[in-house]
Protein chains: 2
Amino acid sequence: MAKHEVIAFALADFFPYRLAVLAEHVSQAVAQLYGDRFQITRAEWRVLAALGANNGMAAKDIAAYSTLDKMQVSRAVARLEEAGLITRATDDADRRAKILTLTASGRTLFQKIVPLAQAREDYLLEDLDPQERAVLESAMEKVLARAQGLIERG
Amino acid sequence: MAKHEVIAFALADFFPYRLAVLAEHVSQAVAQLYGDRFQITRAEWRVLAALGANNGMAAKDIAAYSTLDKMQVSRAVARLEEAGLITRATDDADRRAKILTLTASGRTLFQKIVPLAQAREDYLLEDLDPQERAVLESAMEKVLARAQGLIERG
DNA sequence: TGGGATTCGTTGCGATCGAGACGATTTTGC
DNA sequence: GCAAAATCGTCTCGATCGCAACGAATCCCA
């Protein structure tokens, strides 16, 4: 029986939807820091973070480090250079590549943002005890691995 | 001492970054279903899901239900109507509003997508045991509440 | 009841974005 | 060595997006 079951589907209970909404809100909450106060975009923030951790990377390494594609990196880099926060120099070892380096003011900006970002991260996670954080972290890794598998296999 | 501490900041350990990457990949994995096979965007899928759960909603209620803003709904609705999947009718009780209804083929499409989406959701979560799922769910709610608070308060 | 404020949904415009083509360079394979 | 293929980063072009303004309808309240 029940040949024509009513399909029950609640968007509010659908994990991918909930995850997208959560990520969007968290992203917006963090973007207030660097967006409202320093007029930089999310991609630019990621490039700053990449160079802050490892100054002198090539654009393609920044893309890998930051999960941005080469186009996003290229455009973010153009804006950051325009703003005087980074400099671009041709790599002598591979003259297709451009080595990117934080300027003094780029480094200063990065060092201003980092503690704010970390404070916001701490605040967001404040309701979770260590065990919950550990489960959340491992769950995110597991789901990510599955999602990547799906994307690769089509 | 340590007046000039070296700032250590790893993007890969930054929760908002990891969440954004995860959500992006999960979203892409699910969008393969309705995107590649039925040429539907994420906003359009959400509108379908809203009407699938509650046919005959006004556009503004769809926005609330689906966490889309009115413009995204308006544009998604225009495309879905163009594709013959929904119809638009002025609400007699409030002639500013438009009542949106799935057509037969809209409902058919929705009923085709739902099991595929649920299967993909199940697959994504397959590595998590019930306890992990419960912690993940509650953690997502707690973090979302904090993020919304930050956004409201600026 | 009437006039200003608000809400609903759409649209115009400028900014932004992604896919693909491109020049320049390097790597690969024979 | 050298031609073909691959890689790096940029650019172009059409599509998409968000902001703000808008017309129409309704609500508010004096």
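Just so it is clear, the structure is predicted and the values come from calculations on it, not from any experiment. Side chains are part of it too, since the values below use all heavy atoms of this structure and drop only hydrogens, waters and symmetry mates.
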Query raised in the report: For the helix from C/dT1-D/dA30 to C/dC30-D/dG1, what is the angle between the axes at its two ends, each from 5 pairs, rounded to 10°?
Result: 30°
Report summary line: Heavy-atom closest pair (A/Asp69 atom, A/Ala63 atom, distance to 0.1 Å) is C-CB, 4.5 Å
Query raised in the report: Taking all non-hydrogen atoms of both residues, which atom of A/Ala23 and which atom of B/Ala20 are closest, and how far apart?
Result: CB-CA, 4.4 Å
Query raised in the report: In Å and rounded to the nearest 0.5 Å, what is the CG to CG distance from B/Leu11 to A/Asn54?
Result: 12.0 Å
Query raised in the report: Starting at CG of A/Leu68 and ending at P of D/dT10, how long is that distance when rounded to a whole Å?
Result: 14 Å
Query raised in the report: Would you say the side chain of A/Glu132 lies within less than 4.5 Å of the side chain of B/Ser138, judging by non-hydrogen atoms?
Result: yes
Find every protein N or O atom lying less than 3.5 Å from an N or O atom of nucleotides 26-28 of chain C, and list the pairs.
from: C/dT26; atom 1: OP1; to: A/Arg95; atom 2: N; distance (Å): 3.1

Requested in this report: Residues of residues 50-66 of chain A with any non-hydrogen atom less than 4.0 angstrom from an atom of DNA chain D: list those, numerically ordered, please.
Outcome: A/Ala58, A/Ala59, A/Lys60
Query raised in the report: In Å and rounded to the nearest 0.5 Å, what is the CZ to OG1 distance from B/Arg46 to B/Thr41?
Result: 10.0 Å
Query raised in the report: Roughly how far, to the nearest 0.5 Å, is the CG atom of A/Leu51 from the CD1 atom of A/Ile62?
Result: 4.0 Å
Requested in this report: Would you please confirm or rule out a distance under 4.0 Å between OP1 or OP2 of D/dT10 and any side-chain N or O of A/Arg88?
Outcome: yes
Requested in this report: Please round to the nearest 0.5 Å and tell me the distance separating atom CD of B/Glu137 and atom CG of B/Leu125.
Outcome: 10.0 Å
**Report entry** salt bridge (charged side-chain N to carboxylate O under 4.0 Å, His left out): pairs with one or both residues in residues 78-91 of chain A, sequence neighbours excluded
**Finding:** A/Glu44-A/Arg79, A/Glu81-A/Arg88
Report task. Inspect the contact between A/Lys142 and B/Glu126 and indicate whether a charged nitrogen and a carboxylate oxygen are less than 4.0 angstrom apart. Result -> no
Requested in this report: Starting from P on C/dA19, measure out to CG on B/Asp36 and report it in whole angstrom.
Outcome: 12 Å
Report task. State, with a plain yes or no, whether a side-chain heavy atom of A/Phe9 is found less than 4.5 Å away from one of B/Phe110. Result -> yes
Query raised in the report: Can a donor-acceptor pair be found between the side chains of B/Gln32 and B/Arg37 at a distance below 3.5 Å?
Result: no
Query raised in the report: Can you tell me how far P of C/dA15 sits from CD of A/Glu82, to the nearest Å?
Result: 14 Å
Query raised in the report: If you measure only the distance, is there a donor-acceptor pair under 3.5 Å linking the side chains of A/Tyr17 and B/Ser66?
Result: no
Query raised in the report: Taking only side-chain nitrogens and oxygens of A/Ser74, does any of them come within less than 4.0 Å of OP1 or OP2 of D/dG9?
Result: no
Report task. Let me have a per-nucleotide readout for nucleotides 15-21 of chain D, 5' to 3', with B, S or -, counting only protein heavy atoms under 4.0 Å. Result -> ---BB--
Query raised in the report: Roughly how far apart are A/Glu121 CD and B/Leu19 CG, rounded to 0.5 Å?
Result: 11.0 Å
Could I get a table of every N or O pair under 3.5 Å where one atom is in the protein and the other is in nucleotides 2-5 of chain D?
none

